[in-house]
Amino acid sequence: MRWLYFIFDWSDPMTFDFTETHLMIRDTARQFALDELAPSADERDEKEEFPYDAVRKMGELGFMGMMVSEQYGGAGLDTVSYVLALEEIGKVDAAACVIMSVNNSLVCWGLEEYGTEEQKERYLRDLASGKKLGAFALSEPEAGSDATNQRTTARRDGDYYILNGTKNFITNGANADVVLVMAATDKSKGAKGVSAFIVEKGTAGFSVAKKEKKLGIRSSDTVSLAFEECRVPAENRIGEEGFGIKFALRTLDGGRIGIATQALAIAEASLEASVNYSKQRKAFDHVIADFQAIQFKLADMSTNIEAARGLILHAATLKDRREPFGTAAAMAKLFASRVAVECALEAVQIHGGYGYIREYKVERYLRDSKITEIYEGTSEVQRLVIARSLLQT
Ligand code: CAA
């Protein structure tokens, strides 16, 4: 039902002083999402099918390396453009949205910012143009929120590092051509003893271990990765030895803007479905939109959505100005992810029994929303980041 997605234009272009380019990108992403993602999003969710064709087309449209400079095959756009495109894609398909977000925020951005010239030529070019897909491997069975507690090791051996260990919950992991892997090069140094490496698919000793079955975002892949005596050229280290945790956390600051946007998109889709449904569904001789019980829910959803949008655009703007944006990104993710879950829950409630069955999309929105409070830093971690910024001397 195409119309469901574009009856409302929630993002008022006047409010944030968007440029013509911003609006053009938003419209292109919207059209792409409606044409290419909407018809098959439910089926792919049901079958847990990765959107190979859509991701290839997203690459052709420049959506997989939006902020990468043109010099390295990217679209050379700002974070605000990225947010606008991501939002349109996330409104229709939250799984495609996270695939795009990880490649842009966690892989391309970090490589361009901290990679060597050779690394950018060799890896960034294909990642930014969508010819290759990237993944970011920080999480481990015992290093989730406690990210510095890396058990994966990287032992120097001449011109190589030998990686051993397991990474888990890796988005894009099964389909990635290039994975950025954090590993301990000197355990005695704790957080300062972790380094970041670029590992190519097909490297001996590197394998995809287990594919997870998930509650939501089911057509994106989430896997464990295994490293067994995996030899990685020393030239594939990103930055100096010991830079890995700073690299990962700085990169995640940007990633959180992406996930906040995914959350915003799910919330918007939930509201849009709820408005449409409440204007059609009749009870007690009225459409349910006539009842204040429904109106108040819609009003709260809409207000929270606009507040989340403001936080996200604020964080994106700070990043584009190259000002500190980590706290703003944490606030955006903390707030938007809560709004996503609340809006999806309310959408199911408004739809009643129909909200609980697969035929109506709000059931998927609810399943998709929860992960936004967990990955790229739980809501508890976002609060920690925000509180630390208030309390630091
Ligand atoms: N940018 C750069 N450096 C940072 C930083 C940032 N945002 N935050 C902290 N650091 C630095 C610190 O300064 C410190 O370095 P020094 O010792 O040189 O000062 C080092 O990193 C370690 O920091 P902390 O001492 O603050 O570490 P901590 O153990 O207290 O933990 C934390 C801090 C905020 C909890 C952090 O570990 C964290 O953010 N955890 C969550 C990790 C996360 O988001 N994981 C998501 C996995 S990826 C994912 O989900 C992707 C996906 O697939 C979708």
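As the structure is a prediction and not an experimental result, all values here were calculated from the model. Indexing begins at 1, ligand by ligand and atom by atom, following the structure's order.
For atom 25 (O) of ligand 1, the nearest protein heavy atom is 4.0 Å or more away. By the definition of a contact as any protein heavy atom under 4.0 Å away, atom 12 (C) of ligand 1 is not in contact.
Counting only distance, with no hydrogens or angles, the side chain of Gln119 and the backbone of Arg237 share a donor-acceptor pair below 3.5 Å. Within the 3.5 Å criterion, the main-chain N or O of Lys91 finds no donor-acceptor partner in the side chain of Glu268. In this structure, Ser219 contributes its side chain and Glu48 its backbone to no donor-acceptor pair below 3.5 Å.
Of all the heavy atoms of Ile259, none lies under 4.0 Å from any atom of ligand 1, so neither backbone nor side chain is involved. With a 4.0 Å cut-off on non-hydrogen atoms, Leu249 touches ligand 1 through its backbone as well as its side chain. Of all the heavy atoms of Thr148, the ones lying under 4.0 Å from any atom of ligand 1 belong exclusively to the side chain. When heavy-atom distances to ligand 1 are checked against a 4.0 Å cut-off, Met182 has no atom that comes that close, whether in backbone or side chain. Of all the heavy atoms of Leu384, the ones lying under 4.0 Å from any atom of ligand 1 belong exclusively to the side chain.
Regarding atom 39 (O) of ligand 1, its nearest protein heavy-atom neighbour is Arg256 NH2, 3.2 Å. Nearest to atom 34 (C) of ligand 1 among the protein's heavy atoms is Val385 CG2, 4.0 Å. Of the protein's heavy atoms, Ile245 CG2, 3.5 Å lies nearest to atom 21 (O) of ligand 1. Given atom 7 (N) of ligand 1, the protein heavy atom at minimum distance is Asp253 OD2, 3.0 Å. Closest to atom 30 (O) of ligand 1, if we only count protein heavy atoms, is Arg388 NH2, 2.8 Å. Considering only non-hydrogen protein atoms, atom 17 (O) of ligand 1 sits nearest to Lys192 NZ, 2.8 Å. Of all protein heavy atoms, the one lying nearest to atom 53 (O) of ligand 1 is Thr171 OG1, 2.7 Å.
In the candidate list Ser145, Ala147, Gly377, Ser101, Ser145 is nearest to atom 32 (C) of ligand 1, counting heavy atoms. When Ser139, Ala330, Gly326 are ranked by how near their heavy atoms come to atom 47 (C) of ligand 1, first place goes to Ser139. For atom 18 (O) of ligand 1, the nearest non-hydrogen atom from the set Lys246, Glu380, Glu376, Gln382 belongs to Lys246.
In this structure, the separation between CG on Asp78 and NZ on Lys319 is 9.0 Å, given to the nearest 0.5 Å. Rounding to the nearest 0.5 Å places OH of Tyr375 at 12.5 Å from NZ of Lys370. Taking CZ of Arg125 as the reference point, atom OH of Tyr72 lies at 8.0 Å (rounded to 0.5 Å).
Looking at heavy atoms from C-beta onward, Arg256 lies in side-chain contact with Val385 at the 4.5 angstrom threshold.
Taking the six-membered ring where the residue is Trp, His351 and Tyr277 present parallel rings, their angle staying beneath 30° rather than reaching 60°. Between Trp109 and Phe325, the two ring planes are perpendicular [angle over 60°; tilted spans 30° to 60°].
A continuous path of hydrophobic side-chain contacts links Val98 to Val178 [ILVMFWY only; heavy atoms under 4.5 Å]. Under the 4.5 Å side-chain heavy-atom criterion for Ile, Leu, Val, Met, Phe, Trp and Tyr, Leu252 and Ile371 are members of the same hydrophobic cluster.
Looking at Thr19 and His22, their side chains do bring a donor and an acceptor atom within 3.5 Å of each other.
Interface of Phe169 with ligand 1, defined as ligand atoms under 4.0 Å from a residue heavy atom, comprises 53 (O). Every atom of ligand 1 with a heavy atom of Leu252 under 4.0 Å away is listed here by number and element: 43 (C), 44 (O), 45 (N), 48 (S). Listed by number with element, the atoms of ligand 1 under 4.0 angstrom from any heavy atom of Leu106 are 51 (C).
In terms of N/O distances under 3.5 Å, ligand 1 is not approached by Asp146.
Ligand 1 is never approached by Thr378 to a heavy-atom distance shorter than 4.0 Å. In this structure, Gly144 counts as a contact residue of ligand 1, since one of its heavy atoms falls inside 4.0 Å of the ligand. For Phe247, the heavy-atom gap to ligand 1 stays at 4.0 angstrom or more.
Look at Asp42 and Arg358 and you find no salt bridge, because none of the NZ, NE, NH1 or NH2 atoms lies under 4.0 Å from a carboxylate O. Using a cut-off of 4.0 Å between Lys/Arg side-chain N and Asp/Glu carboxylate O, Arg322 and Glu113 are scored as salt-bridged.
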